[in-house]
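First up is the structure itself, then whatever we jot down about it.
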2 protein chains.
Amino acid sequence: METNQQAANVLDPDCPSRVVFQRIGDKWASLVIQVLANGPVRFSELRKMVHVVTPKVLTQTLRSLERDGLIRRKVYAQVPPRVDYTLTDLGLSLLAPLSQLREWAENNVPAIIDARDAYDELRDSELLEG
Amino acid sequence: METNQQAANVLDPDCPSRVVFQRIGDKWASLVIQVLANGPVRFSELRKMVHVVTPKVLTQTLRSLERDGLIRRKVYAQVPPRVDYTLTDLGLSLLAPLSQLREWAENNVPAIIDARDAYDELRDSELLEG
DNA sequence: CTGGTTGGTTTCCAAATGGATACTCAGTTT
DNA sequence: AAACTGAGTATCCATTTGGAAACCAACCAG
C-alpha cells in the first residue's frame, strides 16, 4: 500500500481534489456548468450565452467536462445535426458549492477591486519617491 | 448608463466575479489560503508546506493575493529577515466557500476519476474498431 | 573576510491555454 | 447544381503560466 488514502489532503499537489480546483479555474468550464443549471442547452446556444467563445475552445471545454462525468452530450440523428448538453447528477451536485463561491464573489469583488486600486496606487507613489 | 449593474452576472466574461474564479484556479493561490487558515506562516514554511514551489512562483502568488486584499505581508526588522503572511478579514471570509468546494472535491473526486477512466477506455476501443 | 541565514529577484525557457480563421460533413432546400 | 444548416475540426499563432538555476542584500558569527 504505497498510496495510502491520507484523508485527501488538498495541500498535496498530487491530491486529486486539485482537479476540481483546476476545473473551476478553467476560463469557461464553471460558466458552462452554471448555464446548464436550467436544463439542456445546445452547442450554438451555449456559444451565444457564454459570449462568443470560439467553437474550438467551447468544444475543448465541453469534452473535458464530459470526460470528468459532469455533463452529458446528447446527439440527435438529424440533419442539420442537433446536439445538446445536460448536467449529470455529479454535475448537478457541484452547483451548490459553486453557488456559494459565486455568492461570495458577488458580495466581495468590490472589496477586491478596492484593494487592488489601493495597492497599485501605493506602488506607483513608491516608484515616484524612489 | 452603458454599464448598468445587472446583478453581477457570472456569465458575462467581463463580470468581476470572474476574478475570484481565476484566483481559485491559480495553481497555488487557494492552497496558500488554506495553509494560512491556522494563523501566520513564514515564507520559508510556506515553501515547504506547499511542496517545494520555487521562490519566484511563490512570491508571485503571494503578491497577487496581497494585491487582492486577501492576505497581509508582515515584515519584521531583523537579520536574517523574517516575513510572515496572514489572512485578512476578506481572506478569512473566503475560507467558508472554499471549504465547501474542497469538501465536494474530496467526496466526489473518485467519481471523476472513474468517469475519466471509462471515457478514456471508450475512446481507446473506438480507435481500435475504427 | 568568509560563510551562513532568510526572503527574495533575475534571466531564460518549455509547456499549456486561448483564440482567429478557414474548412468539413451530411443531408435539405431552392 | 449551388447554397444553407448546425456542430463541430484543423492550422496556425500570441499570450500566459510555471518552473529551473543562478544571483543578491543585509547583517551576524566565527
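Note: hydrogens, waters and symmetry copies are ignored here, and every other heavy atom, side chains too, is used.
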#### Entry: Backbone N/O of A:Val53 and side chain of A:Arg47: donor-acceptor pair under 3.5 Å
yes

### Query
Distance from B:Leu58 atom CG to B:Ser44 atom OG, nearest 0.5 Å?
10.0 Å

### Summary
B/S/- along nucleotides 7-19 of chain D (protein heavy atoms under 4.0 Å) is SBBBB------SB

### Query
When you measure from the side chain of B:Trp104 to the backbone N and O of A:Ser93, does any donor-acceptor pair fall under 3.5 Å?
yes

### Message
Minimum heavy-atom separation for B:Arg18 and A:Lys27, please, with both atom names.
### Response
NH2-O, 2.6 Å

### Closest non-hydrogen atom pair, B:Asn108 against A:Leu90
OD1-CD1, 3.6 Å

